[in-house]
Amino acid sequence: MSTSLTAIILDGHPAAFGPTTRDHDPSIDRTQLLPPIPWWTCMVDSTLEFCRIGWDTASTELPKIAVIAAGETPRYLMTPGQAGQADKLVEEFKQVQPRQVYTYDRIQAALNTLLSDRQTQSFQSVRIILVLVSKNANESKYSHYNNEDSKWRDVRAMVHTASQAANHIESIHTDVLRLFPRQDNLLPAVNQVSYAAGGTLSIHNIPNHQDALKSTMCHLAQLYYNIDVLRISNIPMNVRRPDGSAAMTQTVDLYAQCADGCNQDNRADTNVPIYDPRYLQSKVIQLGYVKRSKRVAHDMGWCTCRHSVGPVIDDGPTKAYLGTMRNGSVSYLVHLEKKSKKEWTHTLLADHDKVFLHVLNDRLEDELAEKMQAAIAKTKVKPEYPVGPLPMVTPDKVQEFLQSFVHPNANTNISHLTPTNTYNPFEYSAATPLLALSTSNQATPTTFNIEHATKWHTCFRDCMGTDKFPVTLADNRPICDLAADVCNGSPLHSGFSLSGMLSVPLGASLAKIKSALLASEVPNLKAVTAEVDIVVNHLSLVLSGKSTKPVCSVKMFKEDSQLMAKRLLIGLYLVGIRFFTFRSAICDYMLQTINDKTTTRVEEESSSSNNESKESTSVIDSAWNQAKKFEGMTVREQEDSRYTLGTGIATAPVKEENPMVRQRRGRGGRGNVSVNPNFRRDGGDVGVVNRKRQADASVAVPYLLAEVANDPPRQIQQPQQEQFGPPNSLLHLYWTVDKQLREGKRAGDDGKVLVFRNNKWQRIQKEFDGRMPHKK
């Protein structure tokens, strides 16, 4: 439905029958000329031409135009609902003859009738063309005289008074066309003056000439409906000129509503008045005739837009040219002012007895080739922070997003808005470290619902694994260690549509747990723990291979079901960590249950592997390996092991020889031992020396075990942070990012760092830093 209305109000004063002038052709005898045309005839002709231009160039919906004659009473010659009925408008003009003078203000009554009409108030904007006849030689810039001897009124005040009844109209623009009985000493024009909110007014002074008003109305139609003039030249046509000579080519002018690509210049030449034919010279498109064919070319190209055309002058060449298109021909045209690689850029085709201009895009193929080359060049450039391909957006993901984030936070009343709290959006996201640290101090306001829903989805996003730590079935480490690893790296899953993949019982239990954690009120602890037991028992049995219950709604292999169960256990463990401050009782029970159920499986697998290794390895090999391990230690590590293991290593029995005992060998390889009696000890046997044992090391406190401060990391890091400068400075961000890349993300201070060894990422214990905590 159209949102704009154009209304034409004609001044029905007897002065409208004053004569107009015209250009005199010296070759024609004045006695053979027709009498001069009155102003009223120019008003009728201009109004019909305005309507014809708007209706002929409309491709879809016809513009709404209303025509009112301000006579004895305001009379509608055409209402907005009669668009396109030009014959009815002609018949109505025949019945209107302004021959009398009335004392009441005809123009004010016509404005009131127009703007108070319910049909007019249904439009958002109204454009009024007010055609007034000058009746007093003393008329000023904004003045209007109802009769020659009446008092003048301000045109702005008249329109503003009538607009008081139009409360639903957003904007009203008025173009006043004031018809003067002279051709010189005209008042200056007024362009786009604002007199109220949403109200603008322009005044154009028209000289006494029979073509001036029609030219003005045609220019207004071009400005209102964005219409250009297509000047098609070099059309082969054998036509006789008025002087009797033959013309081989003709030039035809057509109107076309080119709003989408033909001509983007909608500016008027303000150096000339609106009635001058050069006023809209910038809206003339120069086209050249190329050829005419009965068939549409296959290589015509891409069509950018299509516009209906109409004749500017309905003369013989124009009728003949448009008649060829209506008979099934296709006219190929080329833009003369723009260079093009193709032979033609426009075509004229007929559709249901109406001719349309097709604008072809001659740059589309070149732009497509440029875009392809640019895309290929971008793929060859390595990005600073490479990430994997974006996940596909599917309808189930969109549905889950709407149910989780949009619907719970949609409020129909402002009083239902919940208070906001600050939240770090990069807390559980694998964003660029520099970006995450630079924005960490900027508090992002959000609601508790959005924050908790985000936490829940990030848990089941991270449990699917990251590029650095993919979750595999072969990794038999505890769930808590795996949950700490998947917090590092870029996630491989979005976290959405995972609940739709689960089996019905498992999905229902997880939904109940989610509702309990995200609820604003404290839930029933017994009911929630029962659901936790059901989910953890189900997943742990599937992971250990003792159960064949389905995990997903689709049929899967046994290994895939075990892997999915393992990932869901990791997700639940992350839920317990991230919701611990909000629901400590439920999360503590969840973490304890997962540790108990999964630790038994890990111990069974480790014990079975140890038994197999013990059976395959002999006692001698174990002792030999232990000796080699001790020899490979540094001196400090050997000292630490002695203090830890006691004096067992230091007091190992060693065969010693007494230097005071002489050994003699006799026959048969056996020698008699002779002992010097002067060196015999009391109570001792001959040849036996008691070795002095070392002091008990357990009572000594070595320097490595010295008691240190209660919080040594903070005392060490404080001067380091001071030398890096203020927070969020470039130097501080650089070293903080370097530390985060080395240590990774972790829930707490577990003493592990992130390293890349053996072609994979690992989180290992920190190396020895020179001191150990004192064991009390």
Side-chain angles (χ1 to χ4, degrees), residues 48-49 51-60 62 84 86-87 218 221-222 225-263 277 280 283-362:
L48 293 175
E49 185 68 11
C51 296
R52 184 190 68 82
I53 295 174
W55 293 336
D56 285 351
T57 58
S59 299
T60 54
L62 298 179
D87 297 337
C218 292
Q222 288 185 253
Y225 307 118
N226 196 13
I227 298 173
D228 293 340
V229 175
L230 307 178
R231 185 156 294 164
I232 306 173
S233 58
N234 300 326
I235 302 175
M237 194 179 300
N238 191 0
V239 179
R240 289 285 179 181
R241 293 192 180 98
D243 57 357
S245 61
M248 303 305 295
T249 59
Q250 291 291 326
T251 299
V252 173
D253 291 342
L254 302 175
Y255 285 123
Q257 190 177 12
C258 304
D260 299 325
C262 289
N263 188 10
L280 290 179
K283 293 183 72 62
V284 177
I285 303 175
Q286 301 289 342
L287 299 177
Y289 179 88
V290 177
K291 67 177 183 178
R292 188 180 65 190
S293 175
K294 284 288 185 179
R295 294 181 299 179
V296 180
H298 296 288
D299 57 345
M300 189 171 63
W302 297 88
C303 181
T304 303
C305 51
R306 190 180 84 154
H307 310 285
S308 177
V309 300
V312 175
I313 301 176
D314 198 11
D315 54 359
T318 304
K319 290 181 179 179
Y321 182 62
L322 294 179
T324 58
M325 266 75 75
R326 291 190 176 98
N327 292 331
S329 298
V330 180
S331 181
Y332 295 88
L333 312 173
V334 64
H335 205 297
L336 299 179
E337 298 178 355
K338 295 182 179 180
K339 295 182 179 180
S340 176
K341 297 180 180 179
K342 291 192 174 183
E343 187 178 358
W344 54 81
T345 57
H346 299 72
T347 60
L348 284 175
L349 292 170
D351 185 10
H352 294 85
D353 200 31
K354 197 170 185 179
V355 181
F356 290 91
L357 174 72
H358 294 74
V359 183
L360 308 181
N361 193 339
D362 57 338

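- Between the CG atom of L357 and the CG atom of L349 there is a distance of 9.5 Å, given to the nearest 0.5 Å.
- Atom CD1 of residue I232 and atom CG of residue D253 lie 8.5 Å apart, to the nearest 0.5 angstrom.
- Of all non-hydrogen atoms in A350 and M325, the two that sit nearest each other are CB-O, 3.1 Å.
- At a threshold of 4.5 Å between non-hydrogen side-chain atoms, the residues C305 and Q257 do not count as touching.
- Enclosure of atom CZ in R52 by more than 12 non-hydrogen atoms of other residues, nucleotides or ligands within 6.0 angstrom is indicated.
- No donor-acceptor pair closer than 3.5 Å links the side chain of T318 to the backbone N or O of P311.
- With contacts defined as side-chain heavy-atom distances shorter than 4.5 Å, the pair T57/H307 does not qualify.
- For the pair V229 and Q222, the minimum side-chain heavy-atom distance is below 4.5 Å.
- With a 4.5 Å cut-off on side-chain heavy atoms, V355 and L254 do not count as touching.
- Contact check for Y255 versus V312: side-chain heavy atoms found under the 4.5 Å cut-off.
- Two residues are said to be in side-chain contact when any heavy atoms from C-beta on lie closer than 4.5 Å; H335 and L287 meet this criterion.
- Pairing each heavy atom of S233 with each of L336, the nearest pair is OG-CD1, 3.8 Å.
- Counting only N and O atoms by type, the side chains of Y321 and S331 include a donor and acceptor under 3.5 Å apart.
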Starting from the C-alpha separation in whole Å, work towards a yes-or-no answer on side chain to side chain contact (heavy atoms under 4.5 Å, CB included) for N226 and K283.
CA-CA 9 Å; N226 196 13; K283 293 183 72 62; 3.1 Å; yes

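- D87 CG: 12 or fewer foreign heavy atoms inside a 6.0 Å radius.
- The nearest pair of heavy atoms linking K354 to A58 is NZ-O, 3.0 Å.
- A 4.5 Å side-chain heavy-atom check between I235 and T249 finds every atom pair outside the cut-off.
- Within the 4.5 Å cutoff, no side-chain heavy atoms of H346 are placed close to those of L230.
- The salt bridge (charged side-chain N to carboxylate O under 4.0 Å, His left out) analysis of residues 313-325, with sequence neighbours excluded, yields no pairs.
- Panel note: side chain S308, backbone D56; a donor-acceptor pair is recorded below 3.5 Å.
- What you find for W55 and L62 is that their closest heavy atoms are O-CD2, 3.7 Å.
- Atom CG of D228 is separated from atom CG of L280 by 9.0 Å, given to the nearest 0.5 angstrom.
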